[in-house]
Amino acid sequence: MTALLDMTLPQLKELMQSWGEPAFRAVQITQGLARGEAPCEIKNIPQSLRRRLEECPLGGAKIHKKLVSADGTRKYLFMLEDGNIVEGVLMRYNYGNTVCISTQVGCAMGCTFCASTLEGKVRDLMPGEMLSEVLCVNRDAVQSGIGKVTNIVLMGSGEPLDNMDNVVAFLHLVNAPEGINIGMRNISLSTCGLVDKIYALAELHLGITLSVSLHAPNDEIRRRTMPVARAYSMQQLLEAARHYIKATGRRVIFEYTLIKGINDSRENAAELAGRLRGMQCHVNLIALNKVDERQLDSAEPVKMSVFEKTLRQHNISCSVRKERGSDIAGACGQLRRRYLKEGEEST
């Protein structure tokens, strides 16, 4: 049976019909699940229906551990029904609350600066599991008095476009008016650069923001840190980004992690600017979060400042992303990695 959280409203209506229940029960169930409630907590449906729903697979996640940073950032470990662990982050901004969620257990992309990929990919997340990450955080945020989740970034563990069908299904679930109803324009999807999937995503015209993990100004440097660059050249990737812009009317965000001695020089910045000239885009400059298993260090602050200034001199829109949650292993994959390592040491 399809898990409850994976079901669309029409699918739930079909289920209710097969059980002899009125169609409006599907709306009530969807609304209850959107509040982060388990079936037994949905009080406006009959107890007999609650019991029957409890016999169905939910397909969700539960908060296993929560850490709160001094800057207000909240880091979550989610336990899935099969015992796997994924993580997410809630970041508070003046424009709202943004949750960063995972789309896979682990990651197969192998980027050398990321902790998520150290154990490889275990499996894809189902649509309802991704939805449950959002619902769990939303319920926790509301109960904590900090307000609802308003924005979503698919930038946690995993490569979203490597799990594209489930991700697209999740986007429709989280956007459903009867559910949590977060607008597509408030959702960003980050990819390391699966070119064919970018073209496919553009043709769906969902209205989400595309973020591309670029992290280099040329193929030679990109191949040193990102295995995906051996499959797709920067020219192919940037052509795909331009196509996305043209097809959707949305600017593309390029993520650029500054790594000491690898991609952080003034010359690197000038080369990057030349490649992006004329493109409707923005560059997020990111300080590298140290991964113990990797021999990489973040660029020095003065280097980051020069890099940003050089891009601006070349009329490239850019900003330095403010570091958040560093005291609670806020970067992608770090907390899950620590959890897995502690588990190994205790056995």
Side-chain angles (χ1 to χ4, degrees), residues 91 93 95 98 100 109 111-114 151 153-155 159-161 185-195 198 201-202 208-226 228-229 232-246 248-289 296-324 331-332:
M91 296 160 287
Y93 298 98
Y95 57 79
T98 296
C100 175
M109 297 297 106
C111 300
T112 60
F113 46 82
C114 181
N151 301 77
V153 291
L154 282 70
M155 202 178 290
E159 163 55 56
L161 295 187
R185 287 184 173 271
N186 289 359
I187 301 174
S188 297
L189 180 151
S190 178
T191 177
C192 68
L194 302 185
V195 167
I198 292 174
L201 184 66
I208 63 175
T209 297
L210 178 68
S211 294
V212 177
S213 295
L214 197 58
H215 308 306
N218 58 53
D219 286 319
E220 180 182 358
I221 294 175
R222 199 163 191 264
R223 288 171 186 149
R224 291 171 61 184
T225 57
M226 303 183 71
V228 69
Y232 304 104
S233 68
M234 276 194 69
Q235 180 178 345
Q236 290 173 308
L237 178 55
L238 295 180
E239 285 176 356
R242 288 187 175 91
H243 175 81
Y244 189 88
I245 294 166
K246 183 176 181 180
T248 66
R250 303 279 284 165
R251 74 172 181 174
V252 166
I253 307 297
F254 290 106
E255 309 287 344
Y256 195 104
T257 298
L258 287 151
I259 307 172
K260 184 177 181 179
I262 293 181
N263 65 354
D264 61 344
S265 71
R266 187 193 301 270
E267 291 74 22
N268 294 152
E271 184 177 5
L272 177 64
R275 287 184 174 274
L276 302 183
R277 185 175 294 117
M279 190 182 299
Q280 186 183 347
C281 67
H282 180 84
V283 179
N284 270 337
L285 299 175
I286 307 164
L288 176 72
N289 282 282
L296 299 172
D297 294 301
S298 181
E300 297 171 357
V302 65
K303 283 271 194 175
M304 295 188 69
S305 179
V306 169
F307 202 101
E308 179 188 20
K309 183 178 179 180
T310 303
L311 289 180
R312 291 185 184 279
Q313 288 173 340
H314 287 81
N315 298 314
I316 301 298
S317 173
C318 64
S319 57
V320 176
R321 180 185 293 170
K322 183 178 180 181
E323 190 174 6
R324 291 178 177 269
C332 181

Heavy-atom check, side chain of [X] versus side chain of [Y], under 4.5 Å:
{"X": "L161", "Y": "L189", "answer": "yes"}
{"X": "I198", "Y": "H243", "answer": "no"}
{"X": "N151", "Y": "Y95", "answer": "yes"}
{"X": "I259", "Y": "D264", "answer": "no"}
{"X": "I221", "Y": "T225", "answer": "no"}
{"X": "L258", "Y": "K303", "answer": "no"}

Can you tell me how far the [atom1] atom of [X] sits from the [atom2] atom of [Y], to the nearest 0.5 Å?
{"X": "S233", "Y": "R223", "atom1": "OG", "atom2": "CZ", "value": "7.5 Å"}
{"X": "T112", "Y": "I262", "atom1": "OG1", "atom2": "CD1", "value": "6.5 Å"}
{"X": "L276", "Y": "R242", "atom1": "CG", "atom2": "CZ", "value": "7.5 Å"}
{"X": "M234", "Y": "R222", "atom1": "CE", "atom2": "CZ", "value": "6.5 Å"}
{"X": "N284", "Y": "L214", "atom1": "CG", "atom2": "CG", "value": "12.0 Å"}
{"X": "F113", "Y": "T257", "atom1": "CZ", "atom2": "OG1", "value": "5.5 Å"}

(message) Please evaluate residues S213 and M109 with respect to the criterion side-chain contact (heavy atoms from CB on, under 4.5 Å), reporting the C-alpha separation (whole Å), side-chain torsions for both, the decisive distance (0.1 Å), and the verdict.
(response) CA-CA 12 Å; S213 295; M109 297 297 106; over 6 Å; no
(message) Are F254 and Y256, when compared by the centres of their aromatic rings, separated by less than 6.0 Å?
(response) no
Testing the basics here: between [X] and [Y], what is the closest heavy-atom pair and its distance to 0.1 Å?
{"X": "C100", "Y": "M155", "answer": "SG-C, 3.4 Å"}
{"X": "K260", "Y": "S298", "answer": "CB-O, 3.5 Å"}
{"X": "G193", "Y": "Y232", "answer": "O-CD1, 3.3 Å"}
{"X": "E308", "Y": "S319", "answer": "OE2-CA, 4.1 Å"}
{"X": "A269", "Y": "L311", "answer": "O-CD2, 3.4 Å"}
{"X": "S190", "Y": "P160", "answer": "O-CD, 3.1 Å"}

(request) Step by step, work out the side-chain contact (heavy atoms from CB on, under 4.5 Å) result for T191 and E159. (result) CA-CA 6 Å; T191 177; E159 163 55 56; 2.9 Å; yes
(request) Start with the C-alpha gap between V320 and F307, add the side-chain angles, then the distance that decides, and say whether side-chain contact (heavy atoms from CB on, under 4.5 Å) holds. (result) CA-CA 10 Å; V320 176; F307 202 101; over 6 Å; no
(message) Under a 3.5 Å distance rule, please check whether T310 uses its side chain to pair with a backbone N or O of V306 as donor and acceptor.
(response) yes
(message) Assess the residue pair I208 and R250 against the criterion (side-chain contact (heavy atoms from CB on, under 4.5 Å)); give the C-alpha distance rounded to whole Å, side-chain angles, the decisive distance to 0.1 Å, and a yes or no.
(response) CA-CA 8 Å; I208 63 175; R250 303 279 284 165; over 6 Å; no
